[in-house]
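Beneath this line is the structure, given in structure tokens, with notes to follow.
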Amino acid sequence: MTKVIFEMQGAVYKAFSVYGHAGYGEFGKDVVCSAVSSLTIHTVNVISDDLKCDVDIRTGDGEVSLKLNARDEFAELLIKALKKSLEDISQQYPRFLKVEVKL
């Protein structure tokens with residue numbers, strides 16, 4: 001199962017972590033993992049490369065995390081959009097993707 005944790009301070013998105021493997025399909029054909037990975041990497045790239053936000057990014061085998069070090073409303077909007085998209089996927093594939101919010 002893939003797990004995603006969004007960290008918030010009040011109504012402000014501060015960070016997110018994605019880890020684990022969905023296990024929906026065989027390697028290279030796992031549509032859940034592919035969707036989660038695409039959305040996550042796109043969000044990380046836009047926030048870090050295009051917006052040039054002050055962020056800490058960690059990657060590893062099956063893990064990606066991003067933490068905003070300074071407030072950026074557009075980056076927060078992108079994280080909120082990522083959360084909504086992943087929640088939609090989680091509703092379709094609840095055994096393979098879990099989305100949580102940590103306050």
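It should be emphasised that the depicted structure is a prediction, and the values quoted were computed from it without experimental measurement.
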So, using salt bridge (charged side-chain N to carboxylate O under 4.0 Å, His left out) as the criterion, who are the partners of [X] when residues are at least two apart?
X     : value
Lys29 : none
Glu87 : Lys83
Glu76 : Arg71
Asp54 : none

Go through the structure and list residues passing side chain to side chain contact (heavy atoms under 4.5 Å, CB included) with [X], not counting sequence neighbours.
X     : answer
Thr59 : Ile57, Val64
Phe74 : Leu51, Asp72, Leu77, Leu78
Ser85 : Leu39
Ser17 : Ser65

Review point. Do Val12 and Leu68 have side-chain heavy atoms sitting under 4.5 Å apart?
Key: no
Point to revise | Side-chain heavy atoms of Ile79 within contact of Ile47, under 4.5 Å | key: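 Answer yes - side chains close enough.
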Exercise for review: Grab the two heavy atoms, one from Val32 and one from Ala22, that are nearest each other, plus how far apart they are.
Suggested key: CG1-CB, 3.7 Å
Review point. Of all heavy-atom pairs between Ala15 and Lys67, which one has the smallest distance, and what is that distance?
Key: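 Minimum heavy-atom contact is CB-CA, 3.8 Å.
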Point to revise | Contacts of type ring-ring contact (aromatic ring centres under 6.0 Å, His included), residue Tyr13, not counting sequence neighbours | key: none
**Study point:** From CA spacing to verdict: side chain to side chain contact (heavy atoms under 4.5 Å, CB included), Val44, Val55
**Key:** CA-CA 9 Å; Val44 168; Val55 295; over 6 Å; no
**Study point:** side chain to side chain donor-acceptor pair (under 3.5 Å) contacts touching residues 94-103 (sequence neighbours left out)
**Key:**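 Counting only pairs at least two positions apart or across chains, the side chain to side chain donor-acceptor pair (under 3.5 Å) contacts touching residues 94-103 are Lys98-Glu100.
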Check your understanding: Does anything in residues 33-43 pair up under side chain to side chain donor-acceptor pair (under 3.5 Å), and if so which pairs, sequence neighbours excluded?
Key ->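 Side chain to side chain donor-acceptor pair (under 3.5 Å) check on residues 33-43 returns no pairs.
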Practice item. Check the hydrophobic clustering (I, L, V, M, F, W, Y; side-chain heavy atoms under 4.5 Å; chains of links allowed) and say if Tyr19 and Val36 are grouped together. Key: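 Different clusters: Tyr19 never reaches Val36 through Ile, Leu, Val, Met, Phe, Trp or Tyr contacts under 4.5 Å.
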Show me the donor-acceptor pairs within less than 3.5 Å that the side chains of residues 3-11 make with the rest of the protein, sequence neighbours left out.
none

